[in-house]
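On a predicted model such as this, the values are computed, not experimentally measured, just so you know. Naming: A, B, ... by sequence-line order, numbering from 1 per chain.
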Amino acid sequence: MKQLVEDITKKALFKLFKSGGISKGPKDLPEFDVSRSKDPKFGDFATNAALVLSKELKTKPRDLAAMLINSIDLESTDIERCEVAGPGFINFFMKPNCWYNRLMLVHEHKDRYGHKKELSGPRVLVEFVSANPTGPLHVGHGRGAAVGDSLVRLLRAAGWNVDSEYYVNDIGNQMNILGRSLWFRFRQLQGEEIEFPENHYQGDYMKELAVEFANSPETQQIRNLDEPECILLASRYACRRILDGIQEDLSLFGVSYDKYFSERYLHESGRLQAALEKLKQLGKAEERDGALWFFMDDDQDEKDRVLVRATGEPTYFASDVAYHTEKIERGYDLLVDIWGSDHHGYVPRVKAAIEAFGFPSDRLKVLLVQFVNLIRDGQKISMSTRSGEFITLREVLDEVGSDAARFFFLTKRSDSHLDFDLDLAKKQSSDNPVYYVQYAHARISSIFRIAQEKGIDADYTNADLNILNLPEEIALMKKLSDFPDVLSEAAQALEPHRITFYLMELAELFHSYYHDNKVLTEDAEVKKARLFLVEAIRLVISNGLTILGVSSPVRM
RNA sequence: GCGCCCAUAGCUCAGUUGGAUAGAGCAACGGACUUCUAAUCCGUAGGUCAGAGGUUCGAAUCCUCUUGGGCGUGCCA
């Protein structure tokens, strides 16, 4: 809808240019904005075009605004009238019947309302969570999962061609420590008196895994193997089982992936070696002190970084170089990575690698998700996978449920710190904002259910929408007509939380309307029109909640 | 030391990419259930947008500095 107003403004600019009123056409002028007006007295939409362009056109803003208004042919548009306001804004007042047309669009497209019809955005790969398979997911991962998964759903709705991926660090030092951890627990289980190393994975889940391991067919092979082979076996076993658990937790959280990408594959397929060779050929990498270094330009990163250690082991960074270039070579225009903010120092490095391979560094967008502080009894709980002290995502899901947890994570921008108060989340479960939105959906659903139970005719086809002329009804129709704009802007900004706030605002308008106005009234025509409106609200709430990965209950 | 992120109501957070009078939810106070669900609604109160400069028609938003917090600064992941 904003686009519509923008087009009309540009058309007016062009007309003014042709008639000699201004010296430049829209193509030679800077971009301007169209925004939804906050206050009804400023109309429905406003543009700052005259303010932005006045300097370039050497005309006073208010004069330019007046000239623009005169160049708009109102007859052929949805605009009733325009006004110059304040320093030079143009306020647009829409014709009332245009809201009825928008309302009909909701019914026309149903669960696709707000979505782009065809694939129009870039081809993008969203990578998120990617936690090392060394232990269960904790709450911090849950935030990344909620943001990432909702972003995927949002981008798809906006017509982008999206794949999602989980990068599995299934090789390297951590896997070795994981294998040793399981191996030691296993031997302890066999009655051996050995001390468990402090820097290994202490969590109780490793003890449980050891029991499982002892009963698995794998252990049959052990007596024929020497210890390093046993540790490798244990490592593979632990990795596989822990990853199973992670997938299970994610699935409970409503999160699924198109692909789990194995780091081990990068090593074993030779892709890692090939990437390093290419860097050497390009003169971006060279051996020094027995290690292989990536040379950083001054504007890329503060210092050079090691790709292969003197021991011959490639670093995590080496894998990332190979992984990200591989992703681009798979044909993605845009890579979106969602990382914990503690990895932020890593961004310049990976961007530099992408540049080295001849791609623009803005092919990669990294969304940094800040840490979640867990609060219990007013105290911060510190978490560490290594020490085994953490609250798992699973525990939180069992306590507050997937809907509440997802919604909670998505009521905040991802780059701000977040306190997750467990007691509050539990206690608040009845007045958590998620229920406010879901309740609106349930209420509407129950209107239709009650109608059916009581044998009331709830058919709203051929409703006369002109009956919907209460200010609250107009406000609701305007809100519904915003949804496609909100969706595409949220996608553009990679900010799924905007959908959350939109839904809370829509629910607020609905609850207030519902309280004051009966839908199933005696007047058959009024009933029809209101049912039509209310069903559209239900559809939009449901569409929005689906993007957030939250359910739309029909009764609560 | 250097780098990145953050600071908005008592608390938890939004703020449409620089727009008009800074908004919600909790918590507080006062009202509304004989009604399609009170998990709701209506109202009151709550602010030096951390502080100081600067940029311009216009700043919570952009720039500089200061203060306070988080994180990073490994041939760890």
Between C1' of B/C5 and CZ of A/R143, the distance in whole Å: 12 Å
Runs of at least three Watson-Crick or G-U pairs with RNA chain B, cut-off 3.5 Å: B:1-5 with B:69-73, B:10-13 with B:23-26, B:28-32 with B:40-44, B:50-54 with B:62-66
B/A20 phosphate, OP1 or OP2, under 4.0 Å from A/K38 side-chain N/O: yes
Verdict with reasoning, A/F92 to A/F45, per ring pair (Phe, Tyr, Trp, His ring centres under 6.0 Å): CA-CA 5 Å; A/F92 298 88; A/F45 295 94; 7.8 Å; no
Closest nucleotide among B/C75, B/C76, B/A38 to the A/A291 side chain: B/C75
Among B/C36, B/U16, B/C75, the one nearest A/V306 by side-chain distance: B/C75
Anti/syn call for B/C29, syn if |chi| within 90°: anti
Flag if over 12 foreign heavy atoms under 6.0 Å of NZ, A/K280: yes
Ion pair check, A/K284 and A/D297, cut-off under 4.0 Å: yes
Flag side-chain contact, heavy atom, 4.5 Å: A/L533 against A/L480: yes
Pairwise side-chain contact, A/M175 with A/R264, heavy-atom cut-off 4.5 Å (strictly under): no
Centroid distance under 5.5 Å and plane angle under 30°, A/H511 vs B/A38: no
Span that lies between the C1' atom of B/C62 and that of B/A77, in whole angstrom: 37 Å
Check: A/N48 side chain, B/G19 base, donor-acceptor under 3.5 Å: yes
B/U56 to B/C63 separation - C1' atoms, rounded to the nearest Å: 13 Å
Selected nucleotide, minimal atom distance to A/I447 side chain, candidates B/G72, B/C36, B/C13: B/C36
Span that lies between the C1' atom of B/C29 and that of B/G68, in whole angstrom: 34 Å
Minimum-distance nucleotide to A/H515 side chain [options: B/C41, B/C75, B/C5]: B/C41
Nearest-angstrom distance from the residue atom CG of A/D516 to P of B/A38: 13 Å
Distance below 4.0 Å between A/Y502 side-chain N/O and B/G15 OP1 or OP2: no
Any A/R413 side-chain N or O less than 4.0 Å from OP1/OP2 of B/G15: yes
Inter-nucleotide P distance (B/G58, B/U40), Å rounded: 44 Å
Distance, rounded to the nearest Å, where A/D523 contributes CG and B/C36 contributes C1': 16 Å
Modelled atom types, side-chain donor and acceptor of A/Y323 and A/E263, under 3.5 Å: no
Any A/R62 side-chain N or O less than 4.0 Å from OP1/OP2 of B/C57: no
Pairwise C1' distance for B/G54 and B/A59, with rounding to whole Å: 11 Å
Interatomic distance, A/D289 CG vs B/G74 P [rounded to whole Å]: 16 Å
Whole-Å gap separating P (B/U16) and CG (A/L487): 18 Å
B/G15 phosphate, OP1 or OP2, under 4.0 Å from A/H497 side-chain N/O: yes
Pairwise side-chain contact, A/F510 with A/V534, heavy-atom cut-off 4.5 Å (strictly under): yes
Phosphate-side-chain proximity, A/Y316 and B/A77, N/O vs OP1/OP2 below 4.0 Å: no
Under-4.0 Å side-chain N/O to phosphate OP1/OP2 contact, A/S512 with B/C42: yes
P spacing across the pair B/A20 / B/C49, given as an integer number of angstrom: 15 Å
Phosphate OP1/OP2 of B/U37: any A/S446 side-chain N/O under 4.0 Å: yes
Glycosidic class, syn or anti, of B/U17 using a 90° window around 0: syn
Check: A/H343 side chain, B/G72 base, donor-acceptor under 3.5 Å: no
A/T392 side chain reached by A/H138 side chain, heavy atoms, under 4.5 Å: no
Interatomic distance at P, B/C6 relative to B/U61, whole Å: 13 Å
Trace of the side chain to side chain donor-acceptor pair (under 3.5 Å) decision for A/E83 with A/N91: CA-CA 5 Å; A/E83 282 175 3; A/N91 292 333; 4.9 Å; no
A/K303 side chain near B/G74 phosphate (N/O to OP1/OP2, under 4.0 Å): yes
A/R443 side chain near B/A38 phosphate (N/O to OP1/OP2, under 4.0 Å): yes
Face-to-face stacking of A/F89 with B/A20, centres under 5.5 angstrom, angle under 30°: yes
Pi stacking test for A/F42 and B/A20: under 5.5 Å apart, planes under 30°: yes
A/Y514-B/C36 aromatic stacking (under 5.5 Å, under 30°): yes
Length of the line joining A/F407:CZ and B/A14:P, which is rounded to integer Å: 13 Å
Any donor-acceptor N/O pair under 3.5 Å between B/A20 base and A/N91 side chain: yes
Separation of B/G3 C1' from A/L368 CG (nearest whole Å): 13 Å
Minimum-distance nucleotide to A/A85 side chain [options: B/A20, B/C41, B/C76]: B/A20
Residue closer to the 5' end of RNA chain B, A/I90 versus A/K518 (nearest nucleotide): A/I90
Any side-chain donor near an acceptor of the partner, A/Q174 and A/Y201, under 3.5 Å: yes
Side chain of A/K412 (C-beta onward), nearest among B/U16, B/C4, B/U12: B/U12
Pair A/R288 + A/E286: basic N to acidic O under 4.0 Å: no
